[in-house]
Amino acid sequence: MPTHDSGPHDRTGTDPIEESRPKDFIRDIVAEDLRTGKHTSVVTRFPPEPNGYLHIGHAKSISLNFGIPKEFGGECHLRFDDTNPSKEEQEYVDSIMEDVRWLGWDWGTHLYYASDYFGQLHDWAVHLIRTGLAYVCDLNADQVREYRGTLTHPGKPSPFRDRTVEENLDLFARMKAGEYPDGSRTLRAKIDMAHPNLNMRDPVLYRVLRATHHRTGDAWCIYPMYDYAHGQSDAIEGITHSVCTLEFEDHRPLYEWFIEHLPVPHKPRQLEFARLNITYTALSKRKLLELVQKGYVAGWDDPRMPTLAGIRRRGYTPEAIRTFCEKIGVAKANSVVDLAFLEQCLRDDLNKRAPRRMGVLRPLKVVLENYPEGQVEEMDLVNNPEDPAAGTRKVPFSKVLYVEQDDFMEEPPKKFFRLAPGREVRLRGAYFITCTGVDKNERGEITELRCTVDLNTRGGSATDGRSPKATLHWVSAAHAVNAEVRLYDRLFTKANPEDYPEGQDYKANLNPQSLVTLAGAKLEPSLVSAQPGLIVQFERLGYFCADRDSTPGRPVFNRAVTLKDTWAKVQAKDKAESGKGAGSR
RNA sequence: UGGGGAGUAGCCAAGUGGCAAGGCACCGGUCUUUGGAACCGGCUAUCGAAGGUUCGAAUCCUUCCUCCCCAGCCA
């Protein structure tokens, strides 16, 4: 479709779709290539290495690679970059496919593996040998490093650089046949040992490596390096725009060198963008793997992990993640996106869609002294004020209730307008109540509140027009569902986890409060058999997702994100100010 | 001291010679049966710096500064 003269971008500015379409330098290039007729449709690829779980950073790449062909017409391939069998596993390819699908993308029939091309890649290596552009090198890894030179000094040629084509052909065949031990020989491109770009100093194409590959088994004992495999895989698949992250910018000359010197069927173009970073978050595979393997978290899908599996379990939606990826933009400047931005994308999505429910995290018993013993009323509660179509539900109300401990203060400060002795508040969708007494135990701790209820305020409004400043959530004690609630917070205490004390590492910044488990939460009865994955808003608290650890009659909920909390902000400010005052004295 | 990139508000980020978009965060206010949401306003950016070209420069030229990446038989 994108072949007509005006091109897909030449529409009027009033088109709402046009206005909401993401715009960035990569899409500009794609649009230009389509406009000039360089390409008639776009083919991209998302090329994960199956050596770990996908994380939110990958979501940015997925959003770009799948989003572009969707917008401009074309297709995106899912290709596993599986050239290093010592690190790669089937578990990871399964999780990666699940996560990409979960995000809502579809690669159709275009599922590929770099290992599909091992045969072709090998034949092309032979071609390079025949044309005098590759040689078998007997230097070991340490020697290769020595010969490579440094950033500021040129390297020197390998003593094996000038072997004859025949000898190279024979040696390479024997490498392939398994005649040499791991690491003893490599096939290298013959480019320029004095090149200012180290990637061009006779890079290794093949290494001898005996490891069972998750797909090819023990068929090979030589494996191609990334640089040699990636571009040619792109060429084989007819990729038009090979989008990768900035650290590969230095590799582009090599990428192009291979394409130039090999009889490939197509010439792809590599484009680089800045990878995603988020405050209070670690997004390197090395770190995530360490957190999992050393037990700092409970697995790849621990809800504190930035993996797609983790944030999915936590309660993030694919829609929120996709919106996030679109809104952060794509550029070449290194940047760190505020975690608050991700959280806000989730709230925006869930605010419109998540059913409202009542759940008391830290229960405080309330006895309504003037409410009839044994009476139960079914109150009508709105499921979602943002969505009338969501309807209402019945919630039982009775003489003994639970409210949130945080919603009562015996000696309230000026700005606190929830429940306090002598004060009236509204119970959401029920009645106004007034606190008349406070019971305490021998240690002076509050055990329960005594209140009176105004029976003329049923449903939550008074005929005389008075309106309490606060509305509280509540649960009928006799009908409450006991639940476990897991309060998750940022995994790291520092915006930059790399900012650690001398002699330590990023793990010094792990947040000991990243998980707080509340075993005694009380939920409204409608949640008794919440299915894992159900996401609701606990009114006034945040969005919570039923966890797979839920058991019949005892749900477990994960807090995905809190609601914005103005009161918490006021408290924090007051605390900071009083602290400052004391300090200056 | 080699090569490759990047610098626009606290954080992302548009802008490609004609008075510097938008979002997040933050601060006010309106409204409110969620201290939520929504709505209104503020956040008043010497466009890394200095020169130059031009009637006019974030955009073009020169020099400088700062930050990031590269010396795996990882990707």
Side-chain angles (χ1 to χ4, degrees), chain A residues 23-24 28 47-49 51 81-84 86-88 137 139-141 144-146 148-155 182-188 194-201 203-209 222-223 225-227 229-230 244-253 272 274 276 279 285-286 327-345 347-348 351-352 356 358 381-382 385-386 415-418 426-430 432 457 459-461 467-473 495 537-542 562-570:
Chain A
K23 192 173 184 329
D24 52 69
D28 287 346
E49 183 190 12
N51 69 343
D81 224 328
D82 55 351
T83 56
N84 184 359
S86 62
K87 290 184 176 178
E88 297 153 5
C137 180
L139 258 26
N140 65 32
V144 167
R145 190 177 313 119
E146 281 176 36
R148 184 157 35 227
T150 68
L151 295 178
T152 50
H153 295 287
D182 288 9
S184 62
R185 282 180 164 84
T186 56
L187 181 73
R188 302 175 67 179
H195 201 289
N197 180 340
L198 303 213
N199 293 123
M200 301 299 272
R201 318 241 264 228
V204 171
L205 272 44
Y206 272 92
R207 73 277 215 186
V208 180
L209 176 61
I222 56 171
Y223 289 94
M225 300 291 291
Y226 164 85
D227 284 312
H230 202 93
C244 63
T245 43
L246 251 28
E247 66 270 28
F248 292 103
E249 209 154 16
D250 283 343
H251 296 240
R252 195 185 335 127
E272 311 86 10
L276 173 65
T279 55
K285 282 203 181 170
R286 195 204 105 236
K327 290 171 83 168
I328 54 175
V330 177
K332 294 193 72 162
N334 291 317
S335 61
V336 184
V337 175
D338 200 331
L339 214 212
F341 189 72
L342 211 211
E343 294 180 334
Q344 190 53 29
C345 288
R347 291 191 193 100
D348 282 344
N351 176 50
K352 286 174 258 156
R356 268 81 281 214
M358 292 195 289
L381 271 288
V382 171
E386 303 293 319
K415 293 173 200 150
F416 182 88
F417 41 83
R418 275 112 94 146
R426 171 170 35 234
L427 295 181
R428 177 120 231 215
F432 294 0
T457 57
S461 53
S467 183
K469 263 207 128 178
T471 300
L472 273 42
H473 58 280
Q537 181 195 101
F538 286 171
E539 293 229 26
R540 304 205 302 133
L541 299 175
T562 62
L563 249 33
K564 283 191 185 170
D565 189 344
T566 307
W567 167 238
K569 210 176 280 177
V570 170

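Residue numbers start from 1 in every chain, and the chains themselves are labelled A, B, ... in the order their sequence lines are given, proteins ahead of strands.
Atom CZ of A/F417 and atom P of B/U32 are 14 Å apart (whole Å). Distance, A/D182 CG to B/C74 C1': 15 Å, rounded to whole Å. Computed from coordinates, the A/E539 CD to B/U32 P distance equals 18 Å when rounded to whole Å. Here the P atom of nucleotide B/A75 and the CZ atom of A/R207 are 4 Å apart, to the nearest Å. The CG atom of A/N334 sits 17 Å away from the P atom of B/G4 (whole-angstrom rounding). Atom NZ in A/K332 sits roughly 17 Å away from atom C1' in B/A13 (whole-Å rounding). Atom pair A/K352:NZ and B/U34:P shows a separation of 20 Å (rounding to whole Å applied).
For A/D250, counting side-chain heavy atoms from C-beta on, the closest listed nucleotide (B/A14, B/G3, B/G35) is B/G3. Counting only heavy atoms from C-beta on, A/R145 has its side chain closest to B/G72 among B/G36, B/G72, B/C11. Nearest nucleotide to the side chain of A/V337, out of B/C12, B/G35, B/G36: B/C12. Considering only side-chain atoms of A/E247, the nucleotide from B/C69, B/G35, B/C12 that sits closest is B/C69.
The phosphate of B/A13 has OP1 or OP2 within less than 4.0 Å of a side-chain N or O from A/S335. For A/Q537, no side-chain nitrogen or oxygen approaches OP1 or OP2 of B/U34 to under 4.0 Å.
The minimum heavy-atom distance linking A/E539 with A/R356 is given by the pair OE2-CB, 3.5 Å. Listed here is the closest heavy atom pair of A/E49 and A/D81: CG-O, 3.4 Å.
Rounded to the nearest Å, the gap between the C1' atom of B/G5 and that of B/A9 is 24 Å. Nucleotides B/A20 and B/A38 have their C1' atoms positioned 29 Å apart, rounded to a whole Å. Rounded to a whole angstrom, the distance from the P atom of B/A50 to that of B/C31 is 48 Å. B/A25 and B/U66: their P atoms are spaced 35 Å apart (whole Å). Nucleotides B/A57 and B/G18 place their P atoms 11 Å apart, quoted to the nearest Å. Between the C1' atoms of B/G23 and B/C43, the separation comes to 14 Å (whole Å). Between B/C12 and B/C47, the two C1' atoms lie 16 Å apart (nearest whole Å).
A distance cut-off of 5.5 Å between ring centres, combined with a plane angle under 30°, places A/W567 in a stacking arrangement with the base of B/G35.
Under the 6.0 Å cut-off for aromatic ring centres, A/W567 and A/F417 do not qualify, their centroids lying 6.0 Å or more apart.
Using a 4.0 Å heavy-atom cutoff across all strands shown, A/T566 reaches sugar-phosphate atoms only and no base atom.
Helical stems in RNA chain B, defined as runs of 3 or more consecutive Watson-Crick or G-U wobble pairs with both donor-acceptor distances under 3.5 Å, are listed by first residue as B:2-7 with B:65-70, B:10-12 with B:22-24, B:26-30 with B:38-42, B:48-52 with B:60-64.
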